[in-house]
Amino acid sequence: MPAPQHRQSRITGALLRWYRRNGRALPWRRENDQYRILVSEIMLQQTQVRRVLELYPRFLKRFPTFRSLANARTSSVIRAWRGMGYNNRALRLQQTARTILQQHDGKLPGTVETLQQLPGIGRYTAHALVCFVFGEPVPVVDTNIIRVLSRLFPRAISRDRSGKVNVEAVWTAARSILPRQNAYRWNQALMDLGATICTSFNPQCDRCPVTAFCPSAFRIKKRSPGTKKVEPGREGIPNRLYRGKVVEVLRNVNGRRFLSFSHLAKQVKPNYGERDKRWLRGILHGLERDGLIATKRRGSTLLVSLPE
DNA sequence: GACCCGTGGCT
DNA sequence: TAGCCAAGGGT
């Protein structure tokens, strides 16, 4: 292992060189439009690049600006989000667009603190925007970078008894190693390495540009048993999948028409029965509370649709 | 801090 | 194949 004082610059140099030749050509890179970068960051939250590549252009064509998104019906935004998952993100993205127009003169705030007050923008996304939109040398820590840095710096980044990494230590390490002159490319390079080489399962250490500096190289243990968490659900299917199904069914209802509870129930759960009624009402109540659906009564029947 | 929030590909 | 995993955030 090289001398410690040279190790960091050797690592950054090697990874930046690798990125120059092997970085992925993603449409939101080299993008100047801050709205388009924001949309990409929201879409990429817990969502694989491949899926975003498919749906990103379609969404931008439908909503090309902050204003077009802010002025749109929420139902049309939810429809444009089809296939992305985590539909709450679509609601928060629209709300953020509205807040930016109403309170920030139509422009994205330039500080982590202010960005993080917008709905759907947390610590990671706020830092990502400050770096990727405004070009400032701030670190970024996402699931890829947690994995890469915890493998490169296992002594500085501790783990608890169950093997979970100390995320705060990752932020400190990321801030420490960040090359200020190449912050944008460095952060992108770290994420590309994590996504393509330093993967969670079966990492390709023989193709990694920083194996010589990595104490974990060729020593990644296969993940231990793991405790499968049991999600609340119905007949073994988690409730959130039913939530997604409800929204998907309503997407396919024409215009602003409502669907009756019984029609919806049969499409959401093929073997729907009277015993499921209370449960499904709970699902709908949760969706309405989140703002993902709207309901009204006509006589004794409940009518459901996407929100205005 | 634990739990919840979609979707689909991969091993 | 059943569980893991993916550019996180809100409550």
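Atom set for the values below is all heavy atoms of this structure, side chains included, hydrogens, waters and symmetry mates excluded. Quick note on labels: first sequence line is chain A, next is B, and so on, each numbered from 1.
- The hydrophobic cluster around Val230(A) extends to none of the other residues, as no ILVMFWY side-chain heavy atom falls under 4.5 Å of it.
- Taking every heavy atom of residues 138-153 of chain A and every atom of DNA chain C, pairs under 4.0 Å involve Asp142(A), Thr143(A), Asn144(A), Arg147(A), by number.
- Summarising the hydrophobic clusters (Ile, Leu, Val, Met, Phe, Trp, Tyr; side-chain heavy atoms under 4.5 Å, direct or chained), the residues clustered with Phe218(A) are none.
- Nucleic acid contact class of Arg24(A) (heavy atoms, under 4.0 Å, all strands): base.
- A cation-pi arrangement is absent between Arg92(A) and Tyr86(A) under the rule of less than 6.0 angstrom and at most 45 degrees off the ring axis.
- Backbone-only engagement by Thr125(A) is indicated by non-hydrogen atom pairs under 4.0 Å involving sugar-phosphate atoms exclusively.
- Sequence neighbours left out, the pairs with a member in residues 265-300 of chain A that pass ring pair (Phe, Tyr, Trp, His ring centres under 6.0 Å) are Tyr242(A)-Trp279(A).
- In this structure, Leu93(A) atom CG and dA7(C) atom C1' are separated by 15 Å, rounded to whole Å.
- Nucleotides dC4(B) and dC4(C) place their P atoms 16 Å apart, quoted to the nearest Å.
- In this structure, the nucleotide among dC5(C), dT11(B), dA7(C) sitting nearest to the side chain of Ser200(A) is dC5(C).
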Checklist line | Criterion side-chain hydrogen bond (donor to acceptor under 3.5 Å, both in side chains) on Arg89(A) and Gln45(A), from CA distance to verdict | finding: CA-CA 9 Å; Arg89(A) 291 184 298 172; Gln45(A) 290 170 357; 5.0 Å; no
Next item on the list: Going 5' to 3' through nucleotides 2-10 of chain B, assign each nucleotide B (protein heavy atom under 4.0 Å from a base atom), S (under 4.0 Å only from sugar-phosphate atoms) or - (no protein heavy atom that close).
Entry: --SBBBBS-
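- Around atom CZ of Arg98(A), more than 12 heavy atoms belonging to other residues, nucleotides or ligands sit under 6.0 Å away.
- Nucleotides dA7(C) and dG1(B) place their C1' atoms 24 Å apart, quoted to the nearest Å.
- As a whole-Å value, the separation of Leu193(A) CG from dA7(C) P is 12 Å.
- Pairs passing the ring pair (Phe, Tyr, Trp, His ring centres under 6.0 Å) check and including a residue from residues 34-62 of chain A, sequence neighbours excluded, read Trp28(A)-Tyr56(A), Tyr35(A)-Phe66(A), Phe59(A)-Phe63(A), Phe59(A)-Trp81(A).
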